[in-house]
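In what follows, a single structure is set out as C-alpha cells and then discussed.
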2 protein chains.
Amino acid sequence: MAKTLKPASDAVEILHRRFYEGKPARLKNLEEARANEEIARKIHELRAAASLSQTQLAKLIGTTASVICRLENADYEGHSLAMLRRIAGALNQRVEIRFIPIRRSA
Amino acid sequence: MAKTLKPASDAVEILHRRFYEGKPARLKNLEEARANEEIARKIHELRAAASLSQTQLAKLIGTTASVICRLENADYEGHSLAMLRRIAGALNQRVEIRFIPIRRSA
DNA sequence: TTGCATTTTCGCAACATTGCGAATAGACTG
DNA sequence: CAGTCTATTCGCAATGTTGCGAAAATGCAA
C-alpha cells in the first residue's frame with residue numbers, strides 16, 4: 001500500500017516545479033521588490049505623519065538614524081517583523097499580518 | 001534661534017519615557033507573544049488547508065521539516081517577513097502588512 | 001556664503017534567523 | 001509486535017539583520 005499511496009512526495013515536487021515555472025524568478029523578485037518598496041514608503045509616511053526626524057524616531061526605538069535611513073530606502077530587502085513592530089510601537093500602531101489568496105489570472 | 005527650536009530631542013526622550021512607562025515591558029511582551037502565537041497558528045492553518053505535511057511544505061519552500069515545525073511552535077519568536085513570504089508564495093498567497101493605529105484606552 | 005539639522009552611505013562587529021542532519025516520540029495500520 | 005508517516009527537539013554552521021560611528025551630501029535659513 002505504501003507504494004501506491006506514497007507518491008505524495010513526487011506530487012509535491014511537481015507542484016513545486018509548476019509553481020516556479022508558472023511564476024518565473026524574475027516575476028517573483030519584482031513582487032518582492034514592490035513589497036519592500038511599499039514597506040519603506042509606509043515607514044517614511046508614518047514617521048512624517050508623526051513629524052519626527054530619522055534621528056528622533058531612531059531614539060524612540062533605541063537605535064540610530066542610519067538604521068532608519070536604511071529601512072526607508074526602497075532598495076532595502078531586509079525588513080523584519082521585529083523592526084516593523086518596534087517602529088509601529090513607537091508610533092502608537094500595531095503591525096497586522098495577513099495571508100491573502102492570490103487569484104491566478106486565467 | 002537654534003536654542004529655542006532645539007529642545008526637540010529632549011521632547012522625543014520624554015515621549016520615549018512616557019511610552020514605555022504607560023506600556024510596561026510585561027504588557028509589550030504579552031502583545032508580541034500573542035502576535036507570534038497567531039502567526040504560528042496561521043502557518044499551521046494554511047498548511048493544513050493545503051493538506052500538506054511539514055515535510056511537504058518544507059520541500060516546496062526548499063527547507064526541512066524541522067524548520068516548519070519550529071515556525072508552527074507558538075513559542076517561536078523569530079518570525080521573519082522573508083520566511084512568511086516564502087510560505088505564502090508556496091501556498092499561493094501573499095503577505096499583506098498593515099500599520100494600524102492603536103486606540104489608547106482613556 | 002556660513003551655519004545647522006537632516007539624510008545618506010560605508011564598513012564591520014554583534015546578534016538573530018535559517019539550514020540541516022539525527023534522534024526521539026506519537027499515531028495509525030496491518 | 002514491526003513498519004510507516006508525522007511531528008518535535010537538539011546542536012551547530014551558515015547566512016542575514018542590526019548597531020553604530022564617521023564622513024559626505026542635501027536642504028534651508030540667515
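Given the structure is predicted, the values throughout are model-derived calculations rather than measurements. Order of the sequence lines sets the chain letters (A, B, ...), proteins ahead of strands, with each chain counted from 1.
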Does OP1 or OP2 of C:dT17 have a side-chain N or O of B:Arg86 closer than 4.0 Å? no

Pick base, sugar-phosphate or nothing for A:Thr64, based on heavy-atom distances below 4.0 Å to the nucleic acid. base

Starting from P on D:dT17, measure out to CD1 on A:Ile43 and report it in whole angstrom. 14 Å

Expressed in angstrom and rounded to an integer, what is the separation of A:Arg85 atom CZ from D:dT17 atom C1'? 16 Å

B:Arg41 with B:Glu45: basic N within carboxylate O range, under 4.0 Å: yes

Output the residues of residues 68-75 of chain A in contact with DNA chain D, where contact means a heavy atom of the residue under 4.0 Å from an atom of the strand; sort by number or write none. A:Arg70

Round to the nearest Å and state the distance from A:Leu84 atom CG to D:dT17 atom C1'. 12 Å

Check: D:dG21 base within 3.5 Å donor-acceptor of A:Ser66 side chain: yes

Rounded distance in Å - CG (B:Leu81) to C1' (D:dT17): 12 Å

Whether A:Arg47 contacts C:dT7 is assessed here as follows: a side-chain N or O lying under 4.0 Å from the phosphate OP1 or OP2. Is that the case? yes

Tell me what B:Ser53 touches on the nucleic acid: a base, only sugar-phosphate, or nothing, going by heavy atoms under 4.0 Å. sugar-phosphate

Can you measure A:Gln56 atom CD to C:dA5 atom C1' for me and round it to whole angstrom units? 10 Å

For the helix from C:dT1-D:dA30 to C:dG30-D:dC1, what angle lies between the axis at the first five pairs and the axis at the last five pairs, to 10 degrees? 40°

Would you indicate which nucleotide in D:dA7, D:dG19, C:dG19 comes nearest to any side-chain atom of B:Gln54? D:dA7

Any side-chain heavy atom of A:Leu52 within less than 4.5 Å of one from A:Leu91? yes

Report yes if a side-chain nitrogen or oxygen of A:Tyr76 is closer than 4.0 Å to either non-bridging phosphate oxygen (OP1 or OP2) of D:dT18; otherwise report no. yes

Side chains of A:Leu57 and A:Thr63: does their closest heavy-atom pair fall under 4.5 Å? no

May I ask you to say whether A:Lys42 pairs ionically with A:Glu38, meaning some side-chain N is under 4.0 Å from a carboxylate O? yes

Worked verdict on A:Leu71 versus A:Leu84 for side chain to side chain contact (heavy atoms under 4.5 Å, CB included): CA-CA 9 Å; A:Leu71 299 178; A:Leu84 294 185; over 6 Å; no

Ion pair present between B:Arg94 and B:Glu96, side-chain N to carboxylate O less than 4.0 angstrom? yes

Partners meeting side chain to side chain donor-acceptor pair (under 3.5 Å) with B:Ser66 (sequence neighbours left out): B:Thr64

Nearest-0.5 Å distance, NE2 of residue B:His79 to CG of residue B:Asn36: 5.0 Å

Please determine if A:Glu72 and A:Arg47 form a salt bridge, counting it only when a charged side-chain N lies under 4.0 Å from a carboxylate O. yes

Applying side chain to side chain contact (heavy atoms under 4.5 Å, CB included), run through B:Ile39 and A:Leu81 and close with a yes or a no. CA-CA 11 Å; B:Ile39 291 176; A:Leu81 263 186; 3.5 Å; yes

Between CG of B:Leu57 and C1' of D:dC5 the distance, given in whole Å, is 16 Å

Provide, to the nearest angstrom, the distance between the CG atom belonging to B:Leu52 and the P atom belonging to D:dC5. 16 Å

Please check the phosphate of C:dT7 (OP1 and OP2 only) for any side-chain N or O of A:Thr55 closer than 4.0 Å. no

If I take atom CD in residue B:Glu32 and atom P in nucleotide C:dA16, what distance separates them, rounded to the nearest angstrom? 13 Å

